[in-house]
Every structure is written in C-alpha cells, then in structure tokens.
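Down below is the structure, laid out as structure tokens.
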Amino acid sequence: MAVLTEIEWNGIGIDCDKLSHLSQDFSAQIMALEEKIYTFAEGEFNINSPKQLGEVLFDRLGLPHGKKTKTGWSTAVDVLQKLADKHEIVSLVLEYRSLAKLKGTYTDALPRLVHPDTGRIHTSFNQAVTATGRLSSSDPNLQNIPIRSVAGRKIREAFVPTAGHLLLAADYSQIELRVMAHLANEQALQQSFQREDDIHQQTASEIFDIFPALVTDEMRRRAKTINFGVLYGMGAFSLGKDLNITTKEAKKYIDRYFERYPQVNQFIEARKEEARQHLYVKTLLGRHCAVADINSKNGQIRSYAERNAVNYPVQGSAADIIKVAMIAVHKRLTAEGLHSKMVLQVHDELVFDVPEAELQQLQNLVQEEMESAVTLRVPINVSIGYGKNWREAH
DNA sequence: ATTGGTCGCTGT
DNA sequence: ACAGACAGCGACCAAT
C-alpha cells in the first residue's frame, strides 16, 4: 500500500482526456469490426474467448488449424497471420485483438491508477523480482507501454510532463549486443561498434558474405533476428520459423554467425560450464545470477537452463550499467541543484520531467553519465530526444 | 464473490 | 514432441 508523504515520489503526468478520447475511438473501431466478424461467422460469439474463436475459425469455417495446442487449437498471432490469406475474417480478428488489447490494458486501465492527490501515475519499480537484476514495474507496468504500432503510439502521447516542462528520453543503443561484444571479447563485433557501423547490416554482411553496401533490407532483417536470437540462445528451429525459412537453412546462418564471431560461441560454452560448476553466472559487476536445473537429466529443462546461463550475464550486465547510471545521474541532479526529475526506467531507457530552462544542461549531464557509467571495450552510445509527451521524446 | 490456471500480448 | 531471455496484466473459465 503506497502512502504519499513528503518523500520524493515523482510519478509521471497522464492526460486522462486524451486517453478517454482514444478509448472512444478504439470502441467505435472495435464495434465496427465485431459486426463484420459476426457476419462472416454467421452469428455472434465472444471473440475474446480463445475457445469460442477457435470453434468458429476451425470448426465452423473449416480453416486449417495451423497447429499448436494445449487445451484446444491455438489462435495466437503467429498462427492467425499464416491464415490471413485464407479467409477475410482472420485479419479482422487480428485487428480486433490489437485494438481490444490497447483499450483494455491501457486506455481504460491507466486512468484507474491515477493518484487522487497528485493527479499523476506512480508505478512501483520492484528491485528484487527478476532473475537477472532488472527492475520490474507494476501497478501499472509502465515498461510495456506500446510503441510499435501507430495506434499503440497514440497511448504514449497521453504521458506528459508537468506544466511548463518537457519529457526527455535517453536510450542506450544496442546495449545488450555491446555488452556481449565486451564480455565475449569478440574482436570482429567490437570493431563494428568502434566504427559505429550499422550492426545488423554488418552482421548481414558477415553471414551472407557480401559487401555491407550490398546488404538488402531483407538480409538486414534476418541478421537482426539472428543477433537477438543469439542473445536468447535461439535454435535453428525457432529461427527458421521466425524467418519463414527451413530449419536447415537457419542452421547454416547460425553456423556462419559463429564462424564469423567465434568468441561469441566460446562465451556461450563458457557460461554453460560456469553454471554447471557453480550453479550461478556473474554479471559485469560481479553480481551472481542463480541458474537452476543446469545439471538436470531432463534435456528440455537442461536446455532452458543453458539458455538462461548465456542470457543472464548479458541482460544482467545491461541492468548493472543502467543502475550505475541512474545513481550517477541522480547525484548530479542534486549536486547541480537542478529541478529535473527522473521519472521512469524502461530497461535501457531513462525518462525525465525537465523544466524547459534546464533542457540543455540536463541533456548533456544525462548523456555524460549514462555513457560513462562503466568502461567497456566498446563505446556505449546514448540517444536523446525530448518533447511535450513521451511519444515526441523518442 | 474470490482464486488460480490458461491464453494471449505489450515492452525491453 | 520439443524448439526464444526477462517481465506484468487483462479476459475468460472452472473450481472453491
């Protein structure tokens, strides 16, 4: 139970009128979609219920049940996307889903959490929840506010600064890949970052063995998936599914990746061995992350633990870095007598509520402290933006 | 009416 | 048959 006292308790401004209008817009679109969906389904049903939706799509309309199941046929996004060209109803359902999600989870839920005394939203940043040392955010979770879709981005416009202030957002760029380049001591990757290459383009160049300038958008997209996949211990099967290529071809990409970045492969094997020996792995600053089940006889459970052993040091070190930066930034805000407030942390991003007169000073300060929080074998870059709401700040 | 599991989806 | 890390939360649904 949170109690508002004179202690520092910043919160972030929220424009409830904006959310209310958005909610109405979404409602209108959702209702229109419902009508069309019922027409194709030849009757009303609860679209939110996976069970009922599955019955309509797969039993009544006879669409090929993509696959996947647990208690029925899966109606998840990746399944439906493959059915989109089979029947008009599918894309309508996908659109309905995304809008219903935005309305229910964000535009309707956020106003309920506005504090009556401050008129602001005061999330809880939990410091002892995650396995890796990241913070988590709850009541509400402000670390999963939409940004990817056009409709979703409108929700960010409802996050606003104090009157006369601006919001400033500072993002680490590719922090986890840089951490991995450092921890694995992979020269090829480090050189890319030192040259400030487009890292996904460079990876594509290595994997497909062509000049960077000849890398197509599609090749870059694939390389990007592989770069993130490596961080999570993705296998050939999942990569193939993600890129819509065969498992065999996906394996070629992964082999090629490790051929070009051999130290990354070595890093992965070393972390597994470390976990087997100690039942934990360590972050950049020496924090221990417990790795359960690493010696399990069940191959599936053991594989999961091995992926954790690789991912924890990377994700955990990135968490170390931003925590050091947060402390350093806060100290300087105090030391320099600024009135800017640090209001959000989103894993690789910090958001500040800043008086317009302090904007330049804060920007310089934040960039300096975030980029020098630790010294790696690669530079750490921070990109900064500002605006009159959270969307504009990006 | 409340609780817990499942499914699905948002972010990094 | 399985297959991608870390989270939080809403809707549904069955059990209490």
Side-chain angles (χ1 to χ4, degrees), chain A residues 45-54 67-80 93-94 96-110 112-113 123-126 129-149 151-153 155-156 171-177 180 225-243 247 250-251 254 268 271 281 289 291 298-316 318-319 322 344-350 390 394:
Chain A
F45 67 101
N46 187 342
I47 307 171
N48 287 321
S49 163
K51 188 166 155 243
Q52 292 183 41
L53 179 60
K67 275 201 188 148
K68 303 220 298 186
T69 131
K70 205 64 157 217
T71 60
W73 297 112
S74 169
T75 65
V77 169
D78 56 330
V79 173
L80 295 190
V93 168
L94 285 168
Y96 170 93
R97 272 257 184 84
S98 70
L99 290 170
K101 172 78 176 180
L102 294 176
K103 182 173 186 294
T105 307
Y106 303 106
T107 56
D108 289 352
L110 288 172
R112 291 198 289 266
L113 289 148
T123 185
S124 296
F125 283 110
N126 313 297
V129 171
T130 68
T132 58
R134 276 186 173 183
L135 303 183
S136 82
S137 161
S138 60
D139 308 300
N141 178 1
L142 295 187
Q143 292 179 323
N144 73 344
I145 301 301
I147 193 169
R148 291 170 189 167
S149 71
R153 271 195 290 275
I155 292 165
R156 291 209 168 208
D171 281 79
Y172 281 116
S173 117
Q174 314 288 2
I175 187 71
E176 292 193 347
L177 283 174
M180 186 163 76
T225 302
I226 295 166
N227 273 331
F228 284 109
V230 168
L231 294 175
Y232 303 146
M234 194 187 223
F237 178 88
S238 303
L239 181 63
K241 204 169 64 138
D242 215 66
L243 295 179
T247 303
K251 183 168 186 308
I254 293 173
I268 289 169
R271 297 292 71 74
V281 289
C289 300
V291 180
N298 179 321
Q300 196 180 328
I301 292 174
R302 193 173 60 246
S303 293
Y304 178 76
E306 288 175 354
R307 291 194 295 274
N308 286 338
V310 176
N311 179 254
Y312 285 2
V314 178
Q315 195 181 115
I322 196 166
L344 294 181
Q345 190 254 43
V346 191
H347 307 308
D348 66 355
E349 169 187 8
L350 296 177
W390 195 5
H394 270 277

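Below, read A as the first sequence line, B as the second, and so on, with proteins coming before strands; counting in each chain starts at 1. What's counted below: heavy atoms across the whole structure, side chains too, no hydrogens, waters or symmetry copies.
- For Pro146(A), counting side-chain heavy atoms from C-beta on, the closest listed nucleotide (dC6(C), dG11(B), dC9(C)) is dG11(B).
- Listed pair Ser49(A) / dC13(C) meets the phosphate criterion, a side-chain N or O lying under 4.0 Å from OP1 or OP2.
- Rounding to whole angstrom units, CD1 of residue Ile301(A) and P of dA3(C) are separated by 12 Å.
- Using a 4.0 Å heavy-atom cutoff across all strands shown, Gln300(A) reaches sugar-phosphate atoms only and no base atom.
- As judged by a 4.0 angstrom heavy-atom cut-off over every strand, Gln52(A) is placed among residues touching the sugar-phosphate backbone only.
- By the 4.5 Å heavy-atom criterion applied to side chains, Asp242(A) and Met234(A) are counted as neighbours.
- When rounded to the nearest whole Å, the span between CZ of Phe45(A) and P of dA11(C) equals 17 Å.
- With contacts defined as side-chain heavy-atom distances shorter than 4.5 Å, the pair Asp348(A)/Gln174(A) does not qualify.
- Expressed to the nearest 0.5 Å, how far OG1 of Thr225(A) lies from CG of Leu243(A) amounts to 4.5 Å.
- Listed pair Thr75(A) / dC7(B) fails the phosphate criterion, with no side-chain N or O lying under 4.0 Å from OP1 or OP2.
- Contact between the side-chain N/O atoms of Thr130(A) and the OP1/OP2 oxygens of dC6(C) is not found at any separation under 4.0 Å.
- No side-chain heavy atom of Thr75(A) sits under 4.5 Å from any side-chain heavy atom of Lys51(A).
- In this structure, the CZ atom of Phe237(A) is 9 Å from the P atom of dA3(C), given to the nearest Å.
- Of the two residues near DNA chain C, Pro140(A) and Arg134(A), the one whose nearest nucleotide lies more 5' is Arg134(A).
- For the pair Asn298(A) CG and dA3(C) C1', the interatomic distance rounds to 13 Å; values are reported in whole Å.
- In this structure, Asn48(A) places its CG atom 14 Å from P of dG10(C), rounding to the nearest Å.
- The residue Ile145(A) sits close only to the backbone: its heavy atoms come under 4.0 Å of sugar-phosphate atoms, none of a base.
- Across its full length, the helix from dA1(B)-dT16(C) to dT12(B)-dA5(C) shows an angle of 10° between the axes of its 5 terminal pairs at either end, rounded to 10 degrees.
- Judged purely by atom type and a 3.5 angstrom limit, Thr123(A) has no side-chain atom pairing as donor or acceptor with the backbone of Ser137(A).
- A distance of 11.5 Å separates CD1 in Ile155(A) from CZ in Arg153(A), rounded to the nearest 0.5 Å.
- Taking atom CE of Met234(A) as the reference point, atom C1' of dC6(C) lies 15 Å away to the nearest angstrom.
- Within the nucleic acid shown, Val129(A) comes within 4.0 Å of sugar-phosphate atoms alone, with no base atom in reach, counting heavy atoms only.
- A distance-only check finds no donor-acceptor pair linking the side chain of Ser138(A) to the backbone of Asn141(A) [under 3.5 Å].
- Toward the 5′ end of DNA chain C lies the nearest nucleotide of Leu231(A), the other residue of the pair Leu231(A) and Asp139(A) mapping further downstream.
- Backbone-only engagement by Ser137(A) is indicated by non-hydrogen atom pairs under 4.0 Å involving sugar-phosphate atoms exclusively.
- Side-chain atoms of Arg148(A) and base atoms of dT10(B) include no donor and acceptor less than 3.5 Å apart.
- No contact: Leu135(A) has no heavy atom under 4.0 Å from any strand.
- Considering only heavy atoms from C-beta on, Tyr172(A) stays 4.5 Å or farther from His347(A) through its side chain.
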Starting from the C-alpha separation in whole Å, work towards a yes-or-no answer on side chain to side chain contact (heavy atoms under 4.5 Å, CB included) for Tyr96(A) and Asn48(A). CA-CA 9 Å; Tyr96(A) 170 93; Asn48(A) 287 321; 3.5 Å; yes
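- Among the nucleotides dG8(B), dG8(C), dC6(C), the one closest to the side chain of Ala76(A) is dG8(B).
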For a side chain to side chain contact (heavy atoms under 4.5 Å, CB included) check, start with the C-alpha distance between Tyr312(A) and Arg271(A), then their side-chain angles and the critical distance, and finish with the verdict. CA-CA 9 Å; Tyr312(A) 285 2; Arg271(A) 297 292 71 74; over 6 Å; no
Could you please spell out the steps behind the side chain to side chain contact (heavy atoms under 4.5 Å, CB included) verdict for Leu350(A) and Leu344(A)? CA-CA 6 Å; Leu350(A) 296 177; Leu344(A) 294 181; over 6 Å; no
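- Across dG8(B), dC6(C), dG10(C), the shortest atom-to-atom separation from the side chain of Thr105(A) is found for dG10(C).
- Comparing dG8(C), dA5(C), dG10(C) by their closest approach to the side chain of Tyr232(A) singles out dA5(C).
- Separation of the P atoms belonging to dG8(B) and dA3(C) is 15 Å when rounded to the nearest angstrom.
- OP1 or OP2 of dC12(C) sits under 4.0 Å from a side-chain N or O of Asn46(A).
- Residues from residues 304-313 of chain A that place a heavy atom under 4.0 Å from any atom of DNA chain C, listed by number: Tyr304(A), Arg307(A), Asn308(A), Asn311(A), Tyr312(A).
- Between the CG atom of Leu110(A) and the P atom of dC9(C) there is a distance of 11 Å, given to the nearest Å.
- One atom, CG of Leu142(A), and another, P of dT10(B), lie 17 Å apart when rounded to the nearest Å.
- Counting non-hydrogen atoms under 4.0 angstrom, Thr247(A) reaches nothing in the nucleic acid.
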